[in-house]
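If you read the sequence from its start, that first residue is 1, and numbering goes on from there. For the numbers below, each heavy atom of this structure counts, side chains included, while hydrogens, waters and symmetry mates do not.
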Amino acid sequence: MRNTAKITTAVLAAGALTLGLSACGSDKDSASDTSGPLIVAASPTPHAEILNFVKKNLAKKAGLDLEVKEFQDYIVPNTATEDGSVDANYFQNQPYLDDFNKKRGTHIVPVVTVHLEPLGLYSHKVKSADALKSGATVAVPNDAVNEARALKLLASKGLITLKDGAGNEATPQDISKNPKNLKFKEVEAAQTPRSLDDVDAAVINGNYAISAGLKPAKDALVLESAKNNPYGNFLAVKKGNENDPRVKKLAKLLTSPEVKKFIEDKYAGSVIPSF
(Lines give C-alpha, C1' and ligand atoms only; values in the text may rest on other atoms or scores of the structure.)
Protein backbone atom coordinates (compact mmCIF):
# COMPACT_ATOMS: atom_id res chain seq x y z
CA MET A 1 0.00 0.00 0.00
CA ARG A 2 1.09 3.55 -0.54
CA ASN A 3 2.25 5.35 2.61
CA THR A 4 0.06 7.99 4.23
CA ALA A 5 0.40 10.05 7.37
CA LYS A 6 -1.86 7.57 9.10
CA ILE A 7 0.36 4.66 8.16
CA THR A 8 3.41 6.60 9.26
CA THR A 9 1.81 7.02 12.67
CA ALA A 10 1.11 3.31 12.83
CA VAL A 11 4.67 2.50 11.84
CA LEU A 12 6.00 4.74 14.60
CA ALA A 13 3.68 3.04 17.05
CA ALA A 14 4.91 -0.33 15.89
CA GLY A 15 8.48 0.87 16.30
CA ALA A 16 7.77 1.82 19.88
CA LEU A 17 6.22 -1.60 20.44
CA THR A 18 9.29 -3.28 19.00
CA LEU A 19 11.62 -1.25 21.21
CA GLY A 20 9.53 -2.04 24.24
CA LEU A 21 9.64 -5.74 23.54
CA SER A 22 13.37 -5.54 22.83
CA ALA A 23 13.91 -4.17 26.30
CA CYS A 24 12.20 -7.27 27.62
CA GLY A 25 14.43 -9.58 25.61
CA SER A 26 13.23 -9.91 21.98
CA ASP A 27 16.50 -11.64 21.06
CA LYS A 28 14.86 -14.91 22.04
CA ASP A 29 13.87 -17.38 19.36
CA SER A 30 10.18 -16.59 18.86
CA ALA A 31 9.62 -19.96 17.18
CA SER A 32 10.71 -21.87 20.30
CA ASP A 33 9.70 -19.56 23.17
CA THR A 34 6.02 -20.02 23.96
CA SER A 35 6.09 -18.44 27.39
CA GLY A 36 4.25 -15.24 28.21
CA PRO A 37 1.09 -13.83 26.66
CA LEU A 38 0.19 -14.40 23.02
CA ILE A 39 0.38 -10.95 21.42
CA VAL A 40 -1.88 -10.59 18.38
CA ALA A 41 -1.93 -7.59 16.01
CA ALA A 42 -5.39 -6.83 14.64
CA SER A 43 -7.51 -4.27 12.86
CA PRO A 44 -9.84 -2.57 15.36
CA THR A 45 -13.11 -3.71 13.73
CA PRO A 46 -14.15 -6.48 13.72
CA HIS A 47 -10.90 -8.36 14.37
CA ALA A 48 -9.90 -6.79 17.70
CA GLU A 49 -13.52 -6.86 18.84
CA ILE A 50 -13.68 -10.60 18.17
CA LEU A 51 -10.34 -11.17 19.89
CA ASN A 52 -11.40 -9.14 22.90
CA PHE A 53 -14.59 -11.21 23.15
CA VAL A 54 -12.35 -14.29 23.28
CA LYS A 55 -10.07 -12.64 25.84
CA LYS A 56 -12.92 -11.64 28.15
CA ASN A 57 -15.10 -14.73 27.84
CA LEU A 58 -13.11 -17.78 26.73
CA ALA A 59 -9.34 -17.38 27.07
CA LYS A 60 -8.96 -17.76 30.84
CA LYS A 61 -10.84 -21.05 30.94
CA ALA A 62 -8.69 -22.35 28.07
CA GLY A 63 -5.49 -21.32 29.87
CA LEU A 64 -4.60 -18.67 27.28
CA ASP A 65 -3.07 -15.31 28.19
CA LEU A 66 -4.10 -13.14 25.24
CA GLU A 67 -2.94 -9.58 24.47
CA VAL A 68 -4.51 -7.63 21.59
CA LYS A 69 -2.63 -4.84 19.77
CA GLU A 70 -4.70 -2.69 17.40
CA PHE A 71 -3.35 -1.25 14.15
CA GLN A 72 -5.17 0.90 11.61
CA ASP A 73 -3.17 -0.07 8.52
CA TYR A 74 -2.55 -3.27 6.54
CA ILE A 75 1.27 -3.27 6.63
CA VAL A 76 2.52 -3.15 10.21
CA PRO A 77 0.63 -6.24 11.45
CA ASN A 78 2.57 -8.40 8.99
CA THR A 79 5.96 -6.74 9.42
CA ALA A 80 5.58 -6.90 13.21
CA THR A 81 4.70 -10.61 12.96
CA GLU A 82 7.70 -11.20 10.73
CA ASP A 83 10.18 -9.49 13.07
CA GLY A 84 8.70 -11.02 16.23
CA SER A 85 7.31 -7.82 17.74
CA VAL A 86 3.97 -9.67 17.90
CA ASP A 87 3.25 -13.39 17.83
CA ALA A 88 0.39 -13.44 15.34
CA ASN A 89 -2.03 -11.24 13.44
CA TYR A 90 -5.66 -11.27 12.44
CA PHE A 91 -6.76 -8.86 9.70
CA GLN A 92 -6.16 -10.22 6.19
CA ASN A 93 -7.19 -12.65 3.44
CA GLN A 94 -5.18 -15.10 1.32
CA PRO A 95 -4.81 -13.04 -1.89
CA TYR A 96 -3.57 -10.07 0.13
CA LEU A 97 -1.12 -12.21 2.10
CA ASP A 98 0.21 -13.90 -1.03
CA ASP A 99 0.88 -10.51 -2.60
CA PHE A 100 2.46 -9.15 0.60
CA ASN A 101 4.80 -12.12 1.07
CA LYS A 102 5.86 -11.97 -2.58
CA LYS A 103 6.60 -8.25 -2.61
CA ARG A 104 8.16 -7.91 0.85
CA GLY A 105 9.91 -11.24 1.29
CA THR A 106 7.99 -12.07 4.46
CA HIS A 107 7.07 -15.56 5.61
CA ILE A 108 3.59 -15.20 7.06
CA VAL A 109 1.22 -18.19 6.86
CA PRO A 110 -2.48 -18.66 7.70
CA VAL A 111 -3.56 -20.75 10.67
CA VAL A 112 -7.37 -20.75 10.61
CA THR A 113 -10.01 -18.78 8.68
CA VAL A 114 -12.52 -17.05 10.95
CA HIS A 115 -14.81 -14.69 9.02
CA LEU A 116 -15.65 -12.86 5.81
CA GLU A 117 -16.21 -9.12 5.53
CA PRO A 118 -18.07 -8.56 2.26
CA LEU A 119 -16.61 -5.70 0.23
CA GLY A 120 -19.24 -3.13 -0.70
CA LEU A 121 -19.99 -0.12 -2.89
CA TYR A 122 -21.35 2.86 -0.93
CA SER A 123 -22.52 6.35 -1.79
CA HIS A 124 -23.79 9.52 -0.13
CA LYS A 125 -25.11 10.77 -3.48
CA VAL A 126 -27.08 7.99 -5.13
CA LYS A 127 -29.42 5.29 -3.87
CA SER A 128 -28.43 2.56 -6.32
CA ALA A 129 -25.47 1.58 -8.48
CA ASP A 130 -27.60 2.05 -11.60
CA ALA A 131 -28.15 5.69 -10.62
CA LEU A 132 -24.44 6.51 -11.01
CA LYS A 133 -24.19 9.08 -13.80
CA SER A 134 -21.86 8.95 -16.77
CA GLY A 135 -18.41 10.10 -15.73
CA ALA A 136 -19.03 9.43 -12.02
CA THR A 137 -15.96 9.09 -9.80
CA VAL A 138 -15.56 5.93 -7.73
CA ALA A 139 -12.95 5.64 -4.99
CA VAL A 140 -11.20 2.26 -4.71
CA PRO A 141 -8.49 0.94 -2.35
CA ASN A 142 -5.04 1.58 -3.77
CA ASP A 143 -3.31 -1.65 -2.70
CA ALA A 144 -2.98 -4.27 -5.41
CA VAL A 145 -5.26 -6.98 -4.06
CA ASN A 146 -8.06 -4.81 -2.69
CA GLU A 147 -8.14 -2.67 -5.81
CA ALA A 148 -8.50 -5.79 -7.95
CA ARG A 149 -11.17 -7.08 -5.59
CA ALA A 150 -13.05 -3.78 -5.89
CA LEU A 151 -12.92 -3.89 -9.67
CA LYS A 152 -14.14 -7.49 -9.68
CA LEU A 153 -17.07 -6.44 -7.50
CA LEU A 154 -18.02 -3.72 -9.97
CA ALA A 155 -17.60 -6.13 -12.87
CA SER A 156 -19.83 -8.72 -11.19
CA LYS A 157 -22.66 -6.17 -11.24
CA GLY A 158 -22.09 -5.16 -14.88
CA LEU A 159 -20.76 -1.68 -14.14
CA ILE A 160 -17.49 -2.49 -15.92
CA THR A 161 -15.95 -5.40 -17.80
CA LEU A 162 -12.42 -6.61 -17.08
CA LYS A 163 -10.05 -8.03 -19.66
CA ASP A 164 -9.78 -11.81 -19.81
CA GLY A 165 -7.19 -13.01 -17.34
CA ALA A 166 -7.35 -9.95 -15.09
CA GLY A 167 -6.35 -11.41 -11.72
CA ASN A 168 -5.55 -10.30 -8.20
CA GLU A 169 -3.44 -7.39 -9.40
CA ALA A 170 -6.01 -5.90 -11.78
CA THR A 171 -6.06 -2.10 -12.07
CA PRO A 172 -8.30 0.34 -13.99
CA GLN A 173 -5.98 -0.27 -16.96
CA ASP A 174 -7.42 -3.80 -17.13
CA ILE A 175 -10.94 -2.52 -17.82
CA SER A 176 -12.09 -3.46 -21.32
CA LYS A 177 -15.58 -1.94 -21.19
CA ASN A 178 -16.73 1.02 -19.13
CA PRO A 179 -20.24 1.94 -20.32
CA LYS A 180 -20.72 4.67 -17.70
CA ASN A 181 -17.22 6.06 -18.30
CA LEU A 182 -16.55 5.74 -14.60
CA LYS A 183 -13.44 7.46 -13.27
CA PHE A 184 -11.44 5.89 -10.46
CA LYS A 185 -9.77 7.60 -7.51
CA GLU A 186 -7.21 5.36 -5.83
CA VAL A 187 -6.93 5.98 -2.08
CA GLU A 188 -5.50 4.12 0.91
CA ALA A 189 -8.05 1.53 2.04
CA ALA A 190 -8.52 3.08 5.49
CA GLN A 191 -9.42 6.41 3.86
CA THR A 192 -12.17 5.14 1.56
CA PRO A 193 -15.02 5.93 4.00
CA ARG A 194 -13.76 9.50 4.34
CA SER A 195 -13.76 9.87 0.56
CA LEU A 196 -17.54 9.42 0.32
CA ASP A 197 -18.21 13.16 0.47
CA ASP A 198 -15.68 13.85 -2.29
CA VAL A 199 -16.64 11.17 -4.82
CA ASP A 200 -19.86 9.74 -6.23
CA ALA A 201 -19.29 6.32 -4.68
CA ALA A 202 -16.57 4.30 -2.95
CA VAL A 203 -15.71 0.64 -2.64
CA ILE A 204 -14.95 0.03 1.04
CA ASN A 205 -13.55 -2.94 2.93
CA GLY A 206 -16.00 -4.35 5.46
CA ASN A 207 -13.95 -3.54 8.54
CA TYR A 208 -13.52 0.10 7.54
CA ALA A 209 -17.19 0.37 6.61
CA ILE A 210 -18.25 -0.88 10.04
CA SER A 211 -15.76 1.43 11.79
CA ALA A 212 -17.29 4.37 9.88
CA GLY A 213 -20.79 3.51 11.12
CA LEU A 214 -21.95 1.90 7.87
CA LYS A 215 -23.93 -1.34 7.89
CA PRO A 216 -22.76 -3.37 4.89
CA ALA A 217 -25.76 -5.68 4.85
CA LYS A 218 -28.09 -2.65 4.78
CA ASP A 219 -26.19 0.34 3.37
CA ALA A 220 -24.14 -1.11 0.51
CA LEU A 221 -25.41 -0.43 -3.01
CA VAL A 222 -23.54 -3.54 -4.12
CA LEU A 223 -22.15 -6.23 -1.80
CA GLU A 224 -19.92 -9.24 -2.40
CA SER A 225 -21.51 -12.64 -2.26
CA ALA A 226 -20.26 -14.90 0.53
CA LYS A 227 -20.60 -17.99 -1.66
CA ASN A 228 -17.22 -19.40 -2.78
CA ASN A 229 -15.56 -16.20 -1.64
CA PRO A 230 -11.73 -16.45 -1.38
CA TYR A 231 -11.39 -13.41 0.86
CA GLY A 232 -12.02 -14.93 4.29
CA ASN A 233 -9.98 -13.33 7.10
CA PHE A 234 -7.70 -15.56 9.16
CA LEU A 235 -5.36 -15.81 12.11
CA ALA A 236 -1.78 -15.81 10.79
CA VAL A 237 1.74 -16.36 12.14
CA LYS A 238 5.30 -16.39 10.90
CA LYS A 239 6.09 -19.74 9.30
CA GLY A 240 7.39 -22.13 11.94
CA ASN A 241 5.11 -20.85 14.67
CA GLU A 242 1.98 -22.73 13.61
CA ASN A 243 2.41 -25.32 16.36
CA ASP A 244 2.86 -22.82 19.19
CA PRO A 245 0.39 -24.21 21.77
CA ARG A 246 -0.90 -20.70 22.44
CA VAL A 247 -1.68 -20.24 18.75
CA LYS A 248 -3.47 -23.59 18.66
CA LYS A 249 -5.59 -22.60 21.64
CA LEU A 250 -6.55 -19.30 20.04
CA ALA A 251 -7.35 -20.98 16.71
CA LYS A 252 -9.72 -23.35 18.50
CA LEU A 253 -11.40 -20.54 20.40
CA LEU A 254 -11.80 -18.36 17.29
CA THR A 255 -13.74 -21.15 15.59
CA SER A 256 -15.88 -22.04 18.58
CA PRO A 257 -19.70 -21.92 18.70
CA GLU A 258 -19.46 -19.00 21.13
CA VAL A 259 -17.50 -16.88 18.64
CA LYS A 260 -19.83 -17.84 15.79
CA LYS A 261 -22.81 -16.65 17.80
CA PHE A 262 -21.00 -13.46 18.81
CA ILE A 263 -20.24 -12.61 15.17
CA GLU A 264 -23.78 -13.37 14.00
CA ASP A 265 -25.43 -11.42 16.83
CA LYS A 266 -23.14 -8.39 16.78
CA TYR A 267 -22.69 -7.84 13.05
CA ALA A 268 -26.04 -9.02 11.66
CA GLY A 269 -24.71 -10.19 8.30
CA SER A 270 -22.09 -7.46 7.86
CA VAL A 271 -19.48 -9.95 9.07
CA ILE A 272 -20.06 -13.63 8.29
CA PRO A 273 -18.49 -16.59 10.14
CA SER A 274 -16.40 -18.78 7.81
CA PHE A 275 -16.51 -21.95 9.90
Side-chain angles (χ1 to χ4, degrees), residues 1 41-51 71-75 77-78 81 88-103 106 108-122 138-157 159-160 162 165-171 174 186-190 192-193 202-212 214-217 219-237 251 254-255 259-260 263-264 267-275:
M1 296 182 181
S43 297
T45 305
H47 309 79
E49 292 174 348
I50 295 170
L51 288 169
F71 293 92
Q72 292 285 353
D73 76 294
Y74 285 167
I75 296 177
N78 273 337
T81 303
N89 67 58
Y90 174 32
F91 78 99
Q92 66 193 318
N93 57 56
Q94 192 67 58
Y96 178 79
L97 176 59
D98 290 343
D99 181 73
F100 193 98
N101 279 336
K102 179 181 177 181
K103 291 182 176 178
T106 47
I108 311 301
V109 296
V111 175
V112 66
T113 301
V114 181
H115 76 267
L116 172 71
E117 302 162 23
L119 196 73
L121 177 69
Y122 302 83
V138 179
V140 294
N142 67 3
D143 63 278
V145 171
N146 281 307
E147 182 170 48
R149 185 181 176 189
L151 295 174
K152 289 178 182 179
L153 173 65
L154 299 178
S156 73
K157 304 303 177 181
L159 293 170
I160 59 173
L162 292 171
N168 290 330
E169 295 187 3
T171 71
D174 293 300
E186 298 167 301
V187 300
E188 199 272 322
T192 49
V203 180
I204 304 175
N205 291 76
N207 59 315
Y208 292 131
I210 295 168
S211 295
L214 296 167
K215 298 180 179 179
D219 297 331
L221 307 182
V222 173
L223 195 65
E224 277 182 327
S225 170
K227 186 177 180 180
N228 299 321
N229 195 305
Y231 296 103
N233 284 205
F234 46 69
L235 177 70
V237 298
L254 283 172
T255 53
V259 167
K260 183 175 184 179
I263 292 173
E264 291 173 340
Y267 302 108
S270 296
V271 178
I272 304 169
S274 297
F275 56 92

Of the non-hydrogen atoms in [X] and [Y], which two are nearest, and what is the gap between them?
| X | Y | answer |
| --- | --- | --- |
| A150 | V203 | CB-CG1, 3.4 Å |
| L223 | L153 | C-CD1, 4.0 Å |
| T113 | F275 | O-CD2, 4.3 Å |
| A166 | D174 | CB-CB, 4.2 Å |
| A268 | A217 | O-CB, 3.9 Å |
| Q72 | P44 | NE2-CG, 3.7 Å |

* List the steps and the verdict of side chain to side chain contact (heavy atoms under 4.5 Å, CB included) for Y74 and N207. => CA-CA 12 Å; Y74 285 167; N207 59 315; 3.0 Å; yes
Is any side-chain heavy atom of [X] less than 4.5 Å from a side-chain heavy atom of [Y]?
| X | Y | answer |
| --- | --- | --- |
| L121 | K157 | no |
| V222 | L154 | no |
| P95 | R149 | no |
| P46 | I263 | no |
| L159 | V138 | no |
| F100 | V145 | no |
| E117 | I210 | no |
| V187 | N142 | no |

* Asked: In terms of heavy-atom contacts, does NZ of K260 have more than 12 from other residues, nucleotides or ligands at under 6.0 Å?
  ->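 No, because the 6.0 Å sphere around NZ of K260 holds 12 heavy atoms or fewer from other groups.
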* Does a donor on one side chain and an acceptor on the other come within less than 3.5 Å for N168 and D99? ->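 The answer is no; no qualifying pair exists.
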* Side-chain H-bond candidate by donor/acceptor type, T81 with N89, under 3.5 Å ->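 Judged by distance alone, the side chains do pair up.
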* Run the side chain to side chain contact (heavy atoms under 4.5 Å, CB included) check on Q94 and F234 step by step: do they pass? -> CA-CA 8 Å; Q94 192 67 58; F234 46 69; 3.8 Å; yes
* Asked: Could you walk me through whether T106 and N78 pass the side chain to side chain contact (heavy atoms under 4.5 Å, CB included) check?
  -> CA-CA 8 Å; T106 47; N78 273 337; 5.5 Å; no
* **From Y90 atom OH to L51 atom CG, the distance as rounded to the nearest 0.5 Å** =>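 Interatomic distance, Y90 OH to L51 CG, rounded to 0.5 Å: 6.5 Å.
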* Asked: So, do H47 and F71 have ring centers that fall under 6.0 Å from each other?
  ->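 No - the distance between ring centres of H47 and F71 does not fall below the 6.0 Å cut-off.
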* To do: Test L119 against I204 for side chain to side chain contact (heavy atoms under 4.5 Å, CB included), laying out the working first.
  => CA-CA 6 Å; L119 196 73; I204 304 175; over 6 Å; no
